[in-house]
Amino acid sequence: MLLSSLLKPYILLLSLYIPADIILRRACVGQKQWQRGDDGRDVVQGGYACPLRSKHPMSLGQPRLLENMLTEAKLPVAEVITDEYPLHLGSSKRMAFKALSLPIQSELQVLKDTNHYHSDKAAEAFNDILEEGYMVVKQHEDGSMEVPNNVYKYVVARREFEDGDSKYQPHKSGGRHHIKVSDIPK
């Protein structure tokens with residue numbers, strides 16, 4: 001069982017965690033005063049509470065969390081590989097903004113739906129991220145952008161062999177049992 005397909009969204013989320021939070025805060029707050037509420041949410045002057053992040057990338061940050069979950073599910077871990085890669089965003093600022101805000105699209109939609117989305121401040125936050133780097137986004141001389149040093153984990157787990165796993169099971173009648181396509185549930 002390969003879990004790379006499950007990890008891909010979290011790899012991207014971890015890469016974009018800091019810039020996405022900066023963009024979300026400025027998109028929600030705009031130029032108004034804000035404070036941190038008791039529930040950890042940003043509350044804008046006037047009482048509007050910014051949306052909470054629905055996908056928190058650090059939720060998988062605990063060491064060996066995934067491996068322990070697999071082991072508890074009786075799926076012994078066969079192999080774990082970690083490596084680094086750069087995430088190339090291209091040279092289009094529009095596309096790079098879309099990539100950086102991918103983890104917070106649902107939250108930005110909530111802001112738009114409630115008429116609290118400050119697109120100019122979100123764009124300004126993106127430019128600050130590019131200019132100051134925030135240790136995340138690197139802009140090259142040719143205008144191309146990348147998020148370097150992303151770490152991924154590739155986990156391979158196996159289901160334990162059971163007696164019923166053999167390729168051929170003789171039918172109770174002693175002969176071969178044939179399955180018709182029409183017998184397969186739809």
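Along the sequence shown, residues are numbered consecutively beginning with 1.
Asn115 CG: 12 or fewer foreign heavy atoms inside a 6.0 Å radius. Heavy-atom contacts from other residues, nucleotides or ligands closer than 6.0 Å to CG of Asp142 number more than 12. Counting non-hydrogen atoms of neighbouring residues, nucleotides and ligands closer than 6.0 angstrom, the CD atom of Gln33 reaches no more than 12 such neighbours. Under a cut-off of 6.0 angstrom, the local environment of CZ in Arg94 is sparse, with at most 12 non-hydrogen atoms contributed by other residues, nucleotides or ligands.
A heavy-atom distance below 4.5 Å is not found between the side chains of Lys32 and Tyr48. Side-chain contact between Asp42 and Leu24 is absent, with no heavy atoms from C-beta onward closer than 4.5 Å. Contact check for Lys93 versus Met145: side-chain heavy atoms found under the 4.5 Å cut-off. For the pair Asp83/Tyr154, no side-chain contact is recorded, criterion being any heavy-atom separation below 4.5 Å from C-beta on.
Closest of all the heavy-atom pairs between Ala122 and Phe97 is O-CE1, 3.8 Å. The two residues Arg41 and Cys50 have their closest heavy-atom pair at NE-O, 2.9 Å. Considering every non-hydrogen atom in both Gly143 and Gln139, the closest pair reads O-NE2, 3.8 Å. Residues Leu108 and Ser101 come closest through the heavy atom pair CD1-CB, 4.0 Å. Scanning both residues, Tyr152 and Glu84, for their nearest heavy atoms gives CE2-N, 4.4 Å. Across all their heavy atoms, Arg26 and Lys121 have their closest contact at O-CB, 3.3 Å.
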Donor-acceptor list for residues 65-79 side chains, cut-off 3.5 Å, not counting sequence neighbours:
residue: Glu67; atom: OE1; partner: Lys153; partner atom: NZ; Å: 3.2
residue: Glu67; atom: OE2; partner: Lys153; partner atom: NZ; Å: 3.1
residue: Asn68; atom: ND2; partner: Arg64; partner atom: O; Å: 3.1
residue: Thr71; atom: OG1; partner: Glu67; partner atom: O; Å: 2.9

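Of the inter-residue distances, the one linking Ile129 atom CD1 with Ile22 atom CD1 reads 4.5 Å to the nearest 0.5 angstrom. One distance of note links NZ of Lys138 with NE2 of His88; it measures 10.5 Å at 0.5 Å rounding. For the atom pair CD (Gln31) and CD (Gln45), the distance works out to 12.0 Å, reported to the nearest 0.5 Å.
With hydrogens and angles ignored, the 3.5 Å screen pairs a side-chain donor or acceptor of Thr114 with a backbone N or O of Val110.
When hydrophobic clusters are built by joining Ile, Leu, Val, Met, Phe, Trp and Tyr residues whose side-chain heavy atoms come closer than 4.5 Å, directly or via intermediates, Val43 is not grouped with Tyr117. Linking Ile, Leu, Val, Met, Phe, Trp and Tyr whenever their side-chain heavy atoms come within less than 4.5 Å puts Val147 and Tyr85 in one cluster.
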